[in-house]
Amino acid sequence: MAPVVSPAALGTVPVAPTDRPAARPRLRPELLVGRDDTDPESCVVEDPVTERFYRIGRRELALVEALDGRRDLRGALAEANRRLGAASRPRAALTPDDATRIVAWLGHERLLVDDAPDAPERTVDAIRRRGRARALRWLNLVVIRIALVAPDRFLARLLPHARPFLGRSSAFVWLAVVLSGCVVVLAHPERLTAAAVEVLYPQRWLGLLAVWLVIKIAHEIAHGLVCKHHGGHVHEAGVMLVLLLPVGYVDATSSWRFPSRWQRAHVAAAGMLTELFLAGIAAWVWAFGPDGVASRIAFDAMLIASVSTLLFNANPLVRFDGYFILCDLLRIPNLYPRALRRLGAVTRRYLTGQSTPTPRFGDGRDTVVLVYGVAAVLWRCLVVVLLVVGAWTMLEGVGAIAAAGAVVTMVLVPTVRALSRLAADPARPSVARLGSRVGLPLALVAGTLVLVDWPLPITAPAVVEHDEPGEVRTDASGFVVEVRAGDGDRVAPGHPILVLANPALLAEVEALTAELEQSRLAAGAHLSAKSQAAYQAEVERATVIERRLTERRARVEGLTVRAPRGGVLLARDIRTLHGTHLALGTAVGVVVDPIRKRIAVSVDEADAGRLAPLDQARLEFRQDGSGARFPAVVERIEPRASTLIQHPMLAASGGGPIPVRAERGARGEDAGHAYLRPRLVVQARLDAEAAAALPVGVIGRARLPTAERSVGETLLRTTRDWLARVVERARDAAGTLTR
């Protein structure tokens, strides 16, 4: 919805020579003035020609109603003060300066009948200024607003069918659906986690976009229907492109002349209420419907209609639904511009020592306005950074143009305007004051960034595992004829675990033994016959046979599978191997030392450069869920980073916290998963007490020490690494979608 402006919110309006009020000013006859039943201190003026709305206070309204064209400004001021009861309440009286500025503002907004000879020229100048402002807005390619249709007739036909859902009785149905949806979702935490992980897969993003568009269309239709329900009209609907992502909108600014602030809040909240209702229905479909496409669509709808509407539409720091609801509930019209002007006045007083008269409420709302101004400026800075980074990353060449336009319209232009006003201010600060008020704080900040160390620790996902497990593998192929150790049994080094039978191998050993004996006899015969050449050939043949026999005998020894080290045997299915055939090199299980455990920490490659020397360094492991902390000592670091998933429990595909991407083979077949970014593994040994308290497979986060760097260098490196990750993830997603 479009903002409402008021002369009180505009603060002190400069009166230029062309803005001097006429001798007998009067309002344009087509203007509509409506009162607010819930806020007797203000009313709304509607300009049906420009479809703009202006909220003005009771004191301003008294003067506006006195501008009938029969009185000059002095007579209108006297009539306004009579209506305000200025004789008994001197503080409520308007001064001549107040009247001059209010009428100047009315003339500036073209709300007065203009009979001056130069009125056409000034109108042309105003049109040109507005045209330049519109052209400047088009430089902002990050956010583009495009009007498409006039939906008033469509909404009028749809309203009779929707009216049963807009009354107070429907609130109980809405509340039951939303609350039951929350209960249903919370009753399936494991399924919720698994479904949320799947949303990270780029293959799902196209479907998410389609569901998002449908929900947002329903959101905007709800705004229009509620506006029509309370007697308003909707002249325009269209699309806003945010980073070329379409976002629907409807122009429901006619709600500003509704007499009740609760009606206006109902219009603003209609879209969010509709989305939450759809989320409740989708939760039931997702929880109790069959798995498949319908379940995935329901989850996408539930996620978008709940999370997105609460994070974005309900955010009062952006001029979306939550902002207009907050304005009405606090009875602070034009909260955003009023807060910026209040913050500007505080800044001016800080820099110049001069106070600027600004509208005040005289109660706790003044503090709310100032706090909101600070929060809005900080949020605007964050949004500018995110939009610029997003445009630059996702749109490449076009994104650079969009980012430049956003910087110009959202940063450069407001900064130039603020500096121009400061330069034109008669009470502009002196160099000494600027140095003490601005230069000194900046010097302190710069000194902190350069001189103060801030070794920001690195936290990375980690999992508990056994320390150096001894793998049990077969050294020969054969059928299992005996199982001598079971899962969980303690074994000594060399303890037999399995006994295999391979008759063919035994027969080959007997044949090679006989062949070796014959070769040796033949060599002796050649030696007795003094046939030196034949003797040497037979000796070489015997050597080859003996080498083969030694190898086969080693395999015979390998038919007894033994423990490579002492400890506990972990082989869950070993008892089921009896009678089965095992190939050479088959893994049977592992032998571990139960009192020796370690943690494997998976560190993002971008964070590797920040690590301090980790040789025998101590780190801290925090267990997920309980929050318990355990010390560990670093033993080694993998020399190279890789996208290969070395610990499946840490990957998102296995329920862990590290995002992954689906890999495809040369023919498009599923080839498993891989990390989005290369990661390296840090191995750290737990002490005996921690090893006894932590079972294998526990997931948590490890806190690793970093090299000492200044605050500025830490912030710079952190920002640079984050940007690099954003760019690479966007490129990976784009590459996956194109495949």
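- Between the side chain of Arg701 and the backbone N or O of Arg622 there is no donor-acceptor pair closer than 3.5 Å.
- Contact of the Pro657 side chain with the Pro461 side chain is registered, since non-hydrogen atoms from C-beta on lie closer than 4.5 Å.
- By the 4.5 Å heavy-atom criterion applied to side chains, Leu343 and Val374 are counted as neighbours.
- Under the 4.5 Å side-chain criterion, counting only non-hydrogen atoms from C-beta, Glu275 is in contact with Asn313.
- For the atom pair CD1 of Ile325 and CZ of Phe320, the computed distance is 13.0 Å after rounding to the nearest 0.5 Å.
- The heavy-atom pair separating Val250 from Ala237 by the smallest distance is CG1-CB, 3.8 Å.
- Checked options Val267, Leu155, Leu158; the residue passing with Lys228 is Leu155 (criterion: side chain to side chain contact (heavy atoms under 4.5 Å, CB included)).
- Contact check for Val601 versus Ile599: side-chain heavy atoms found under the 4.5 Å cut-off.
- One finds the CG atom of Leu276 at 11.0 Å from the CG atom of Leu175 (value rounded to the nearest 0.5 Å).
- Ring geometry, Tyr372 versus Tyr323: the interplanar angle falls from 30° to 60°, so the pair is classed tilted.
- A 6.0 Å sphere centred on CZ of Arg703 holds no more than 12 heavy atoms belonging to other residues, nucleotides or ligands.
- Although no hydrogens or angles enter the test, the distance criterion places no donor-acceptor pair under 3.5 Å between the side chain of Asp152 and the main chain of His233.
- Relative orientation of the His219 and His223 rings is perpendicular, given thresholds of 30° and 60° on the angle between their planes.
- Ring-plane geometry between Phe288 and His188 is classed as perpendicular, the angle between the planes exceeding 60 degrees on a 0 to 90 degree scale with a lower cut at 30.
- The CD1 atom of Ile304 sits 11.5 Å away from atom OG1 of Thr309, with the distance rounded to the nearest 0.5 Å.
- A 4.5 Å side-chain heavy-atom check between Ile658 and His647 finds every atom pair outside the cut-off.
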